[in-house]
Amino acid sequence: MKKIKFIVLGAGPSGLAVAHALINAGHTLHDIIIIEQASIAGGLCRSEMVDGSPIDIGGGHFLDVKRKEVLDFLFRFMPRDEWDLYDRVSKIRIRGMEIDHPLEANLWQFPSEVQADYLESIAQAGCVRREKLPETFAEWIKWKLGERIAQEYMLPYNRKIWSIDPAQLGTYWLYKLPNVSFRETLLSCLEGKPMGALPAHGTFLYPKKFGYGEVWRRMGEALGDSLVTNCPVEHIDLATRTVNGRWQAQTIISTIPWTSWGDYCKLPKDILTAITSLKNAPIDVDFHAETLNSPAHWIYEPDESITYHRLLLRSNFAPGARGYWTEANATRSLQTDGVRFHNEFAYPINTLDKPQVVQKILVWGENNGIIGLGRWGQWEHMNSDVAVAAAMQLANKLSNKVEG
Ligand SMILES: Cc1cc2nc3c(=O)[nH]c(=O)nc-3n(C[C@H](O)[C@H](O)[C@H](O)COP(=O)(O)OP(=O)(O)OC[C@H]3O[C@@H](n4cnc5c(N)ncnc54)[C@H](O)[C@@H]3O)c2cc1C
């Protein structure tokens, strides 16, 4: 039995970042153990080489450039000159065309008759008529974008990606979506150019070689023997904070899904009930060898008769690559003999009661020396740059360092 300060469960971006940030804050490798079930670090951000070029096996991953402190942190492992910078080109397949995302800022790309149809529908939307903000995602879509965009794009697309009725999703997370006003939509049609706030990853970085997973692989490597791979969490003794009977910690930092915790230890009944209500969506990532003729980095596919919801045209962001990959909610995907990567935990689902449920679990955890961090520890749709920022913040807090 080894006694240490921190056991980190999971070596995805959150676990890797918190371990390195703790070291930056003055702890040493001897103070930390990271346990990872997979054979390499990186979690959803891992990449593999297929047909001579990378595939991001958890789906397409791009590094947002907004957070300088995160970029500086990551460039220590993969210097800036190993990345290419791109201006995002993302399209939506609709009415036999490929229209730039977000649709409501790019209706001007349709013939004018079609623009008029959409504008008429948005003009009747609840937000334009100053109706009350709805409580479910399904209602919000119609309230914000009107019936036509809701029925042709947003509702089918969201049914595909989550495989859950959007009426069961909340609205507390929608600040993450592009916010284009009706006025901006009108002006964009008049002036024939996009208007309104850009979506996330307006400008992004992607590695010149080996895919997005490379930076995380190197971060794992830099942890030496403190990273224990091929080591699934199997048992946790809550009273002593002992994991797998091998390591005992002052603090456990959990970046693994809470929904598995019931298998590792005996949880209080109310916490087990809370955990059981958390939902996640799985995805399959499938490789296709032909190269598509489109300038897009990725394309959204709302047609419900097609299983996948997004295509990633790696030939447009991985130098020298051929082919593309698709992402489908695994409950929808068909069997294949081709190259497929399955991810059981891809998307945390924003169910109506999730904020209260997560809060309850996190408070219980903190009272027991267990901190939830990252996509699964906080059950939140955070991108990897946000996950790193949260990990840096936590490491500072745990090290009593005041942030600069
Ligand atoms: C389709 C898709 C597209 C995305 N696109 C982007 C993007 O473009 N840009 C971006 O920045 N972010 C993107 N993200 C988000 C990004 O994947 C997450 O922010 C990031 O992976 C979060 O890291 P994490 O460490 O919190 O979770 P994860 O990456 O899920 O890591 C959790 C780790 O815990 C391990 N684990 C689980 N259970 C156990 C166990 N019992 N024992 C031991 N280990 C265990 C897992 O193997 C994994 O390594 C995307 C996500 C998806 C699904």
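Atoms within a ligand are numbered from 1 in the order they appear, just like the ligands themselves. In what follows, every heavy atom counts, from backbone to side chain, and hydrogens, waters and symmetry copies are set aside.
The closest approach between Leu63 and ligand 1 stays at or above 4.0 Å for every heavy atom of the residue. Close to ligand 1: Tyr264, with a non-hydrogen atom less than 4.0 angstrom away.
At a heavy-atom distance under 4.0 Å, only side-chain atoms of Tyr347, from C-beta outward, approach ligand 1. Within the 4.0 Å heavy-atom criterion, the part of Met382 lying near ligand 1 is the backbone and not the side chain. At a heavy-atom cutoff of 4.0 Å, ligand 1 is contacted by no atom of Val386, backbone or side chain.
Among protein heavy atoms, atom 43 (C) of ligand 1 sits closest to Gln37 N, 3.2 Å. In terms of protein heavy-atom proximity, atom 17 (O) of ligand 1 is nearest to His61 NE2, 2.7 Å. Looking at atom 5 (N) of ligand 1, its nearest protein heavy atom turns out to be Gly60 O, 3.0 Å. Looking only at heavy atoms of the protein, atom 36 (N) of ligand 1 is closest to Ile256 CG2, 3.5 Å. When hydrogens are left out, the protein atom nearest atom 32 (C) of ligand 1 is Thr255 O, 3.9 Å; that is the closest non-hydrogen contact. For atom 13 (C) of ligand 1, the closest heavy atom belonging to the protein is Asn383 OD1, 3.0 Å. Counting protein heavy atoms only, atom 8 (O) of ligand 1 is closest to Phe62 N, 2.8 Å. The protein heavy atom nearest to atom 35 (C) of ligand 1 is Glu36 OE1, 3.3 Å.
Close contacts between ligand 1 and Gly43 involve ligand atoms 29 (O), 31 (O), 48 (C), 49 (O) [criterion: under 4.0 Å to a heavy atom]. Using a 4.0 Å cut-off to heavy atoms of Gly374, the atoms of ligand 1 that qualify are 26 (O). When each atom of ligand 1 is checked for a heavy atom of Pro232 under 4.0 Å away, the hits are 42 (N), 43 (C). The ligand atoms of ligand 1 that sit less than 4.0 angstrom from a heavy atom of Ser14 are 23 (O), 24 (P), 25 (O), 26 (O). With ligand atoms numbered from 1 in the order given, ligand 1 contributes 27 (O), 30 (O) to contacts under 4.0 Å with heavy atoms of Trp376.
Note: no N/O pair closer than 3.5 Å links Ile283 and ligand 1 by distance alone. Considering backbone and side-chain atoms together, Glu327 places no N or O closer than 3.5 Å to any N or O of ligand 1.
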Ser277 vs Thr351, side chain to side chain contact (heavy atoms under 4.5 Å, CB included): CA-CA, chis, key distance, verdict: CA-CA 9 Å; Ser277 76; Thr351 43; over 6 Å; no
Evaluation steps, ring-ring contact (aromatic ring centres under 6.0 Å, His included), between His235 and Tyr264: CA-CA 4 Å; His235 183 261; Tyr264 313 140; 9.0 Å; no
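The aromatic ring centres of His20 and Trp216 sit 6.0 Å or more apart. Taking the six-membered ring for Trp and the full ring otherwise, the centers of Tyr300 and His309 sit at least 6.0 Å from each other.
Around the CZ atom of Arg95, the shell of radius 6.0 Å holds more than 12 heavy atoms that belong to other residues, nucleotides or ligands. When the shell of 6.0 Å around NE2 of His30 is examined, it contains 12 or fewer heavy atoms from other residues, nucleotides or ligands.
Taking the six-membered ring where the residue is Trp, Trp140 and Trp143 present tilted rings, their angle falling between 30° and 60°. Between His61 and Tyr212, the ring-plane angle classifies as parallel under the 30° and 60° cut-offs. Using bins of under 30°, 30° to 60° and over 60° for the plane-to-plane angle, the ring pair Trp258/Trp261 lands in the tilted bin. Ring orientation note: the planes of Tyr206 and Phe317 are nearly perpendicular, at an angle over 60° on the 30°/60° scale.
Checking Cys231, Gly58, Ala41, Gly59 against atom 52 (C) of ligand 1, the nearest heavy atom belongs to Gly58. Summarising the contacts of atom 23 (O) of ligand 1 with Pro257, Pro13, Gly12, the nearest heavy atom is found in Pro13.
Seen from the ring of Phe73, Arg76 counts as a face-on cation partner, given the 6.0 Å and 45° thresholds.
With rounding to the nearest 0.5 angstrom, the NE2 atom of His101 is 9.0 Å from the CG atom of Asn106.
Between Glu69 and Met392 the shortest heavy-atom distance is O-CE, 3.9 Å.
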